[in-house]
Amino acid sequence: GDVVALQLDAAGQAGTQLWSARKQMPEWAARRIVTWDTGWAAPQGVPFTWANLSAAARSAFSAGGAALVDYVRGDRSREDAATGFRVREHVLGDFVNTSPVLAGGTAQADLYQLPDLGKTYSAYINGIKSARPGVLWVGGNDGMLHAFRDGRGASPLDGREIFAYVPRAVWGKLSALARPDYGGAANPHQYFVDGPLREADVYVKAAGAATAGWRNFLFGSTGAGARAVFALDITHPDALGPASVRWEISSDDQPELGHVLFPIESGPLPNGRWVAVFGNGYGGDSGQAVLFVVDVASGKVSRLPVAEATA
């Protein structure tokens with residue numbers, strides 16, 4: 001797979017290629033890739049390296065161990081169709097159903113109208129958000145969500161991957177991705193991070209902060225890849241890391257959660273608490289419709305069963 005940026009002319013026609021993510025990929029060991037690890041006393045984001053995974057997390061990679069983790073990160077030294085991992089055309093996988101989302105300086109007009117917060121929102125947009133570099137976010141079927149720098153061709157670093165996230169919910173499928181027969185009848189193509197993404201501004205505490213402030217979040221789901229949703233704090237692109245993963249919710253702990261195929265909405269409740277709201281999607285354990293309301297800052301889940309319509 002690849003992601004490219006093309007210059008548009010005045011008529012909206014694609015012209016010169018500005019960048020190609022394939023050509024700008026960092027060396028595999030230097031990539032900034034994180035995941036969500038529930039094997040610690042408190043679930044948390046951690047670097048996606050064997051050394052940083054909990055003992056419980058390592059057990060999920062028993063089929064390939066540290067070599068499999070390195071392969072997913074982009075190590076190609078063990079690619080061998082006969083005796084090792086699948087030989088890849090490139091470390092970037094295919095991009096199918098997920099649509100790229102550009103996180104830059106765009107404002108949400110309705111947030112200017114919030115009582116007490118409207119003026120502070122204007123300062124945040126004109127300051128932090130407008131000054132940061134643009135980042136293009138897109139989910140891939142290589143097991144991760146990617147973030148590519150995008151300054152519209154103004155920088156030689158444009159198109160370079162600056163961050164990636166491997167949802168915990170897809171760990172169990174990664175060994176299939178590495179098998180030499182992947183994509184064949186016995187081991188068909190699979191989806192991984194394949195759901196919709198939504199960038200939104202929220203007024204919450206940053207990780208470890210004492211007071212709330214405006215933050216820019218990316219809400220997403222694994223779509224057809226797994227039954228999971230996640231939230232990343234993407235306010236400062238140059239500081240993306242393990243703490244940027246604020247929560248991941250999956251069917252492991254919420255069996256009513258299915259494949260979420262529509263964008264997640266967010267906003268404040270009358271009590272001032274900011275929440276993410278989404279339907280449980282297709283394939284929840286009970287088959288019943290459930291509305292999920294998740295505290296943006298803490299990841300605490302509330303569920304509202306939806307009554308069936310009657311004639």
Side-chain angles (χ1 to χ4, degrees), residues 1 3 33-38 43 45 48 93-103 135-148 163-174 177 189-202 215-234 240 244-267 274-304 306:
V3 177
I33 307 175
V34 305
T35 191
W36 184 250
D37 192 341
T38 60
F48 185 65
D94 57 284
F95 302 92
V96 181
N97 294 317
T98 185
S99 296
V101 167
L102 179 64
V135 177
L136 190 74
W137 295 84
V138 60
N141 293 316
D142 46 20
M144 62 187 77
L145 169 73
H146 301 271
F148 302 110
F163 180 80
Y165 171 59
V166 179
R168 180 185 181 279
V170 304
W171 286 359
K173 303 169 64 173
L174 293 174
L177 186 68
H189 172 276
Q190 298 190 45
Y191 297 107
F192 286 82
V193 188
D194 191 58
L197 304 171
R198 172 66 58 84
E199 177 239 346
D201 294 319
V202 297
R215 311 295 297 176
N216 189 225
F217 270 48
L218 186 77
F219 299 102
S221 84
T222 46
R227 294 158 55 189
V229 296
F230 51 84
L232 308 181
D233 184 338
I234 62 170
L240 293 168
S244 301
V245 187
R246 296 299 295 265
W247 41 263
E248 180 181 326
I249 300 166
S250 76
S251 56
D252 288 345
D253 46 82
Q254 299 291 335
E256 295 297 339
L257 185 62
H259 295 275
V260 177
L261 305 177
F262 290 90
I264 295 170
E265 301 290 345
S266 64
W274 287 71
V275 295
V277 182
F278 52 93
N280 63 322
Y282 175 79
D285 281 8
S286 72
Q288 299 298 308
V290 178
L291 185 69
F292 276 73
V293 181
V294 181
D295 186 286
V296 169
S298 68
K300 182 179 179 181
V301 175
S302 298
R303 295 178 302 277
L304 303 175
V306 179

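In this structure, Ala103 and Ile234 approach most closely via the heavy-atom pair CB-CD1, 3.8 Å. Closest approach of Ala147 and Val135 over heavy atoms only: CB-CG1, 3.6 Å. In terms of heavy-atom proximity, Asp233 sits nearest to Leu240 at O-CD2, 3.8 Å. Contact detail for His146 and Gly140: the closest heavy-atom pair is CD2-N, 4.4 Å. Heavy-atom minimum distance, Pro263 versus Pro196: N-CG, 3.6 Å. Considering every non-hydrogen atom in both Asn141 and Tyr191, the closest pair reads OD1-CA, 3.3 Å.
A distance of 8.0 Å separates CG in Asp94 from CG in Asp142, rounded to the nearest 0.5 Å. Here the straight-line distance linking atom OG of Ser221 with atom CD1 of Ile249 works out to 12.0 Å at 0.5 Å rounding. Here the CE atom belonging to Met144 is positioned 11.0 Å from the CZ atom belonging to Phe163, to the nearest 0.5 angstrom.
Under a 3.5 Å cut-off, the side chain of Arg246 and the backbone N or O of Ala297 do form a donor-acceptor pair. In terms of modelled atom types and a separation under 3.5 Å, the side chain of Asn280 and the main chain of Leu257 share no donor-acceptor contact. Proximity of a side-chain donor or acceptor of Gln190 to a complementary backbone N or O of Leu177 within less than 3.5 Å is not detected. Panel note: side chain Lys173, backbone Ala226; no donor-acceptor pair is recorded below 3.5 Å.
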The test is side chain to side chain donor-acceptor pair (under 3.5 Å); show your working for Thr35 and Arg168 and say whether it passes. CA-CA 6 Å; Thr35 191; Arg168 180 185 181 279; over 6 Å; no

Go through it in stages, so that I can follow the logic: the residues are Asn216 and Glu199, the test is side chain to side chain donor-acceptor pair (under 3.5 Å), and I'd like the CA-CA distance, side-chain angles, deciding distance and then a yes or no. CA-CA 7 Å; Asn216 189 225; Glu199 177 239 346; 2.8 Å; yes

For Arg303 and Phe292: C-alpha separation, side-chain torsions, deciding distance, then whether side chain to side chain contact (heavy atoms under 4.5 Å, CB included) applies. CA-CA 5 Å; Arg303 295 178 302 277; Phe292 276 73; 3.9 Å; yes

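Using a 4.5 Å heavy-atom cutoff, the side chains of Leu174 and Phe192 are in contact. Taking the side chain as every heavy atom from C-beta outward, Leu232 and Trp137 approach each other to under 4.5 Å. Residues Val34 and Phe48 have side chains not in contact (no heavy-atom distance under 4.5 Å, counting atoms from C-beta outward). Between Val170 and Thr222 the shortest side-chain heavy-atom distance falls below 4.5 Å. Taking 4.5 Å as the limit, some side-chain heavy atom of Thr98 sits within range of a side-chain heavy atom of Val138. Residues Leu145 and Leu197 meet the side-chain proximity criterion, which asks for heavy atoms closer than 4.5 Å. The shortest distance between side-chain heavy atoms of Val277 and Leu291 falls below 4.5 Å. Within the 4.5 Å cutoff, the side chain of Val3 has heavy atoms near those of the Leu136 side chain.
Judged as a side-chain hydrogen bond (donor to acceptor under 3.5 Å, both in side chains), the pairs with a partner in residues 283-297 (not counting sequence neighbours) are, in order, Arg227-Asp285, Glu256-Ser286, Arg273-Asp295, Asp295-Ser298.
When each of Thr38, Asp253, Val245 is tested with Pro43 by the rule side chain to side chain contact (heavy atoms under 4.5 Å, CB included), just one qualifies, namely Thr38.
Phe219 and Trp247 have tilted rings, their planes meeting at an angle from 30° to 60° on a 0 to 90° scale.
Neither side chain, His259 nor Asp194, offers a donor N or O lying under 3.5 Å from an acceptor on the other.
Checked against the 6.0 Å centroid threshold, Phe230 and Tyr165 count as a close aromatic pair.
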